[in-house]
J.: 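Encoded as structure tokens, here's the structure I'll be asking about.
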Amino acid sequence: MGLFSKDIQTMDDLYLHMLEDIYYAEQQIEKALPKMIEKASSSALKAAFESHLQETKGHLERLEEVFALLNKDVKGATCPAIDGIIKETNEISKEISDEKVLDAALAAAAQAVEYYEMTRYGTLIAWSKEMGRTDCAQILQQTLEEEQAADQKLTRIAEERLNKAA
Ligand SMILES: [Fe+2]
């Protein structure tokens, strides 16, 4: 990608790049969740991560559907943002020995991931509509709603933990 050959010229290019970015992010989340399930102690947190792992597989399939609708190859583009959140989580986890503190750190990391995904899906939905691709928007909307629900579930788990501690 040099000065005279920039890869992203049009809104369509930018849209495709963002689709490839979130595809990569979902793949990294799919890889990270089993490790988070292993590290988590609370059964509620483990269950939340397990159900989100299943949902994440569906998110990848939905993105594959969107690539197909646009006649594009299914492809991921390295996303330093998600890599950073996962790396930070791994580093912090290594520093924590108390299992309750570790659970709180893992839940917080998962919520950071959810927010990253929500902002990406939100933008892609808006741009899909702008491009007249309500078919793509509808598919992405289903995933956005699952990300929101996953985030809310993690908030409830954190609240229950605080109530027990009080
Ligand atoms: Fe997702």
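We count ligands from 1, going down the list as the structure has it; atoms in each ligand are counted the same way.
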J.: Are side-chain heavy atoms of P34 and F49 found at a separation under 4.5 Å?
T.: no
J.: Answer yes when D73 and K75 have at least one side-chain N-carboxylate O distance shorter than 4.0 Å, and no when they do not.
T.: no
J.: Determine the interplanar angle of the W127 and Y15 rings, folded into 0 to 90°, and report it as parallel if under 30°, tilted if 30 to 60°, perpendicular if over 60°.
T.: tilted
J.: Indicate yes or no for a side-chain donor-acceptor contact from D21 to the backbone of A77 under 3.5 Å, with no hydrogens or angles considered.
T.: no
J.: Quick check on side-chain hydrogen bond (donor to acceptor under 3.5 Å, both in side chains): which of K153, E146, E114 does H52 satisfy it with?
T.: E114
J.: In terms of side-chain heavy atoms, does Q138 have a donor or acceptor partner in Q142 at a distance below 3.5 Å?
T.: no
J.: Using 2.8 Å as the cut-off, note every protein N, O or S atom close to the Fe ion (ligand 1).
T.: E26 OE1, E26 OE2, H59 ND1, E117 OE2, E147 OE2
